[in-house]
Amino acid sequence: MSSLFKGSCCGGNGEAAGGSRSRNKSCVCELLNNIANTNGNFCSMAAQQRLLIVLKGASTPLSLGGETTPTIFTLVRFDEDSSCAVFSYLDATTALNQTFVIDCRCICGIVCVPQTTNGNGAGALG
């Protein structure tokens, strides 16, 4: 079976020398696995994990709307075996929830976005 991310920015099939995938995992992958698959909360206790994503080679958080305001993501699911992370986000143009899928090895950093009193987190960015 061929990988969706084969030949991606993260390269190949994720196999390190000797066939061990775990040696090729980044700290971001480990963190996303903990957020998605355990009861531990990285950003805040008992709150949904809202994140900004910084891709490898970038100096600013990802903005899917082409604007200067970074996109706020919520982690939906993470598969440790495939390194596949599934996020949802609110599209600023259409006001619809969208899905974003990425190989976690393409991410060099994540930033927690705190909830604000109005619940949208906008105060954390502006």
How long is the straight-line distance from CG of Leu32 back to CG of Asp79, given to the nearest 0.5 Å?
12.0 Å
Would you find a donor on one side and an acceptor on the other, under 3.5 Å apart, between the side chain of Ser83 and the backbone of Arg105?
no
How long is the gap from CG on Asp91 to CD on Gln98, to the nearest 0.5 Å?
5.0 Å
Tyr89-Val54 co-clustered via ILVMFWY side chain contacts under 4.5 Å
no
For Val86, which of Thr74, Val76, Leu75 qualifies under side chain to side chain contact (heavy atoms under 4.5 Å, CB included)?
Val76
As an exercise, state the distance from SG of Cys29 to CG of Asn34, rounded to the nearest 0.5 Å.
11.5 Å
If hydrophobic clusters are built from ILVMFWY residues whose side chains come within less than 4.5 Å, do Ile102 and Leu64 share one?
yes
Nearest 0.5 Å, what's the CD1-CD1 distance between Ile53 and Ile110?
8.0 Å
Should the SG of Cys104 and the SG of Cys84 be checked, would they turn out to be under 2.5 Å apart?
no
Could you walk me through whether Cys108 and Lys56 satisfy the side-chain contact (heavy atoms from CB on, under 4.5 Å) test, starting with their C-alpha distance in whole Å, then the side-chain angles of each, then the deciding distance to 0.1 Å, before giving a yes or no?
CA-CA 5 Å; Cys108 71; Lys56 286 185 178 180; 3.9 Å; yes
Hey, what's the ring geometry for Phe87 with Phe100, parallel, tilted or perpendicular (30° and 60° as the breaks)?
tilted
In Å and rounded to the nearest 0.5 Å, what is the CG to CG distance from Leu62 to Leu51?
12.0 Å
Find out whether Val113 and Leu52 are in side-chain contact, i.e. whether some heavy atom of one side chain is under 4.5 Å from a heavy atom of the other.
yes
